[in-house]
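Data block below; observations after.
Note that these values count all heavy atoms, side chains included, but never hydrogens, waters or copies made by symmetry. Each chain gets a letter, A, B and so on, in the order its sequence line appears, and its residues count up from 1.
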Amino acid sequence: MTIPTIRKRADFLAANRGIRVARAGFVLLAQPNGGRGKRFGVTVTKKIGNAVVRNRMKRRFRELLRAALPEAGLPDHDHVLIGRDRGVERDFATMRGELAEALARAAAGKGDPPRRRRPEGRKG
RNA sequence: CCAGGGGGCCGGGCAGCCGCGUCGCUCGCCAGAGCGUCGAGGAAAGUCCGGGCUCCACGAAACGAGGGUGGCGGGUAACGCCCGCCCGGGGAAACCCGAGGGACAGUGCCACAGAGAGUAGACCGCCUGCGACCCGCAGGUAAGGCUGAAAGGGUGCGGUAAGAGCGCACCGGGGCCCUGGCGACAGGGCUCGCACGGCAAACCCCACCCGGAGCAAGGCCAAAUAGGGGUCUCGCGCGAAAGCAGGGGCGUUUCGUCCCGAGAGACCCGGGUUGGCUGCUUGAGCGCACGGAGCAAUCCGUCGCCGAGAUGAAUGGCUGCCCCGGCGGCGUGGGUCGCUAGCGAUACCGCCCGCCGGACAGAACCCGGCUUACAGGCCCCCUGGCUCC
RNA sequence: GCUGCUGUAGCUCAGAGGUAGAGCACUCCCUUGGUAAGGGAGAGGCCGAGAGUUCAAUUCUCUCCAGCAGCA
């Protein structure tokens, strides 16, 4: 059975409020989605590279998630991977290990502090 | 063989396991499953031009504004693209480069330097005359000097007080005519001593072209909110009715046309939606297939083929072998060099093994071009040089 | 998808075909017991890159490269 992907911008924004685990090649976000099963999505910004680099990174991340989520994924959660600079052509086996670690930490509820979208005292 | 120039093409291949998207068939109540099928590029890129398609505006013509193009002929749906030719420039040649109309329609600019920068001009010179000691004054002169990107045709001879197209020959240039060419233009003849430098990617003039927006176009369905408020302008007349008067719009004008006709129009504020389906891929399509026209671009006919339709966006992950390049190895074969003559050194050429690397780059409605990026490789043609027959 | 703007000294910006400038900042000197302020002097730039037009380009034209903004 295939795992559905996240297709709405609002769901991606909502994932920002969930558990956040950073690794060298990516950042994992996990957020409960109210009984819609395990889903995943991938975000790679223009900062990372051109279209070829971005698309390849997304494809490799999808492959990682398809392999890992059925066993280690959090039930009824949205999983979002955000690409980072060091994830470009990063060794696949290494990232597989990193994703397993990150999912384990997320399952245990141990995330990194959430990013501040608007620092205090500053106008956005 | 070396150096150079032009054109065309490819841009990893094969296999295995696990996966993704479209379409078709089968099974299933549904969710879905199985099988088959097809699945990125030469630039898909930049968005610099030209179109198709869709909606908006529109009655047509003329004029105007703004923008673009600019040798000639052809090709094309069209183009600012392509082909051929002309002219100018570069190169020894093959070949390459050129926004390449007009400067007697007008306005303008040409800094600095320099005597003088566009109706020429007298600083140094040169010559003549006068006064006279170096020199000064007046006049003539554009051959020489200086400056500059550019000095008002060039060279030579004659001529002259010195000079000057002042005269002559040749070259350059303008005008007219003839011949060749569809034409740009070329060749020739006659004539004019030459009166008019450059810049139009300065304004401009001439010729030709152009309505606006873009698939988030546009259409359908569903859900939700609202069926609002404010300001201004014009108007609230006749008729039973059709309609007329009147008002407003169409860049302007003329004729005309559309809307309203008792409400209309313009602007602003406020509120809701960023779901699904469609458009969506068969088209100015592709073919190193054949025939024909043409120097070519390209066109015509016949035959054959269907080659992506995603939408948080599909072609991927891992592995093995092969191919190419680089690095390393007390690994080996050869070559070269050294000497104690069977050992040593090797930066040269192979083989084997190991490691690393294999460009630029991802369709987003679709075509034709241009431009830019690109590791490496293949093929064809041309020019020059060397060697051999 | 479409459209517009910007790129000049370390920073913020002028400049309009011939010589590149201003303010702040920087260095040195004067002033002060010292600092700030003030005064004087000075350094700092292939004008984002490459072609073209022109005698001459930061300026005009074209092509790239960055960055920013707007519309649907």
Item to check | P-based separation of B:rG75 from B:rC300 [nearest Å] | outcome: 12 Å
Next on the checklist: If I pick the C1' atom on B:rG197 and the same atom on B:rA138, what distance separates them, to the nearest angstrom?
Outcome noted: 35 Å
Item to check | NZ/NE/NH1/NH2 to OD/OE distance under 4.0 Å, A:Arg60 and A:Glu63 | outcome: no
Checklist entry - Is the shortest side-chain N/O distance from A:Thr5 to OP1 or OP2 of B:rA313 below 4.0 Å? => result yes
Item to check | Separation of atom CD1 in A:Ile6 from atom P in B:rU311, rounded to whole Å | outcome: 16 Å
Checklist entry - Can you tell me how far P of B:rC20 sits from CZ of A:Phe40, to the nearest Å? => result 10 Å
Next on the checklist: Without decimals, in angstroms, what is the distance between A:Lys58 NZ and B:rG362 P?
Outcome noted: 13 Å
Checklist entry - Under a 3.5 Å cut-off for both distances, is C:rA66 Watson-Crick or wobble paired, and to whom? => result C:rU6
Checklist outcome for this item: Answer for the Watson-Crick or wobble partner of B:rC343, both distances under 3.5 Å, is B:rG338
Item to check | Test log, rule side-chain contact (heavy atoms from CB on, under 4.5 Å), inputs A:Leu69 and A:Phe40 | outcome: CA-CA 9 Å; A:Leu69 285 191; A:Phe40 71 86; 3.8 Å; yes
Checklist entry - Across the strands shown, which category fits A:Val53 at heavy-atom distances under 4.0 angstrom: base, sugar-phosphate, nothing? => result nothing
Next on the checklist: Suppose you measure atom P in B:rA40 against the same atom in B:rU69; what distance do you get, rounded to whole Å?
Outcome noted: 40 Å
Next on the checklist: Using the side-chain heavy atoms of A:Asn50, tell me which of these nucleotides is nearest: B:rG362, B:rC318, B:rC18.
Outcome noted: B:rG362
Item to check | Counterpart base for C:rG42, defined by Watson-Crick or G-U wobble contacts under 3.5 Å | outcome: C:rC26
Checklist outcome for this item: Considering only heavy side-chain atoms of A:Glu63, the closest of B:rG316, B:rG362, B:rG312 is B:rG316
Checklist outcome for this item: Glycosidic torsion of B:rG307 (syn if within 90° of 0, anti otherwise) classifies it as syn
Checklist outcome for this item: Heavy-atom closest pair (A:Arg90 atom, A:Glu98 atom, distance to 0.1 Å) is NH2-OE2, 2.6 Å
Item to check | Strand partner of B:rC234, provided both Watson-Crick or wobble distances fall under 3.5 Å | outcome: B:rG263
Checklist entry - So A:Leu29 and A:His79, side-chain contact (heavy atoms from CB on, under 4.5 Å) or not? Walk me through it. => result CA-CA 6 Å; A:Leu29 306 178; A:His79 305 72; over 6 Å; no
Next on the checklist: By nearest atom, which of the nucleotides B:rG312, B:rA361, B:rC20 is closest to the A:Arg66 side chain?
Outcome noted: B:rC20
Checklist entry - To the nearest Å, how far apart are A:Leu65 CG and B:rG312 P? => result 18 Å
Next on the checklist: Looking at B:rG41, which nucleotide sits across from it as a Watson-Crick or G-U wobble partner, both distances under 3.5 angstrom, or is there none?
Outcome noted: B:rC360
Item to check | Whole-angstrom distance between B:rG187 and B:rG172, as gauged at atom P | outcome: 10 Å
Item to check | B:rG19 base / A:Arg59 side chain donor-acceptor hit below 3.5 Å | outcome: no
Checklist entry - What interatomic distance, in whole Å, is found between P of B:rG271 and the corresponding atom of B:rA245? => result 46 Å
Next on the checklist: Taking syn as a glycosidic torsion within 90° of 0 and anything else as anti, which one is B:rG42?
Outcome noted: syn
Checklist entry - Roughly how far apart, to the nearest Å, are B:rC366 and B:rA44 at atom P? => result 12 Å
Checklist entry - Does B:rA289 adopt a syn or an anti glycosidic conformation, taking syn as a chi angle within 90° of 0? => result anti
Item to check | Full working for side-chain contact (heavy atoms from CB on, under 4.5 Å) between A:Leu81 and A:Val27 | outcome: CA-CA 6 Å; A:Leu81 281 191; A:Val27 176; over 6 Å; no
Item to check | d(CZ, A:Arg54; P, B:rA361) in whole Å | outcome: 13 Å
Next on the checklist: Give me the distance, rounded to whole Å, that separates B:rA61 from B:rC286 when you measure between the P atoms they each carry.
Outcome noted: 37 Å
Next on the checklist: Going by the glycosidic torsion and a 90 degree boundary from 0, is the base of B:rA224 oriented syn or anti?
Outcome noted: anti
Next on the checklist: Set out, in order, the CA-CA distance, both residues' side-chain angles and the distance that settles side-chain contact (heavy atoms from CB on, under 4.5 Å) for A:Arg59 and A:Asn55, then state yes or no.
Outcome noted: CA-CA 6 Å; A:Arg59 286 193 294 254; A:Asn55 286 348; 4.1 Å; yes
Checklist outcome for this item: Per nearest nucleotide of RNA chain B, the residue lying toward the 5' end, A:Phe92 or A:Val42, is A:Val42
Checklist entry - Is there a Watson-Crick or G-U wobble partner for B:rG316 with both distances under 3.5 Å, and which nucleotide is it? => result B:rC18
Next on the checklist: Using whole Å, what does the distance between atom P of nucleotide B:rG39 and atom CG of A:Asn55 come to?
Outcome noted: 20 Å
Checklist entry - Which nucleotide, in any strand shown, forms a Watson-Crick or G-U wobble pair with B:rA217, with both distances under 3.5 Å? => result none
Checklist entry - B:rC318 P sits how many Å from A:Met95 CE, rounded? => result 9 Å
Checklist entry - Where do A:Phe61 and A:Gly83 come nearest, in terms of heavy atoms and distance? => result CE1-CA, 3.7 Å
Checklist outcome for this item: Re B:rG304: Watson-Crick or G-U wobble partner, both distances kept under 3.5 Å, found to be B:rC286
Next on the checklist: Looking at every non-hydrogen atom in both residues, tell me the closest pair between A:Gly73 and A:Lys38 and how far apart they are.
Outcome noted: O-CE, 3.6 Å
Checklist entry - Looking at B:rG19, B:rG362, B:rU315, which one has an atom nearest to any side-chain atom of A:Arg62? => result B:rU315
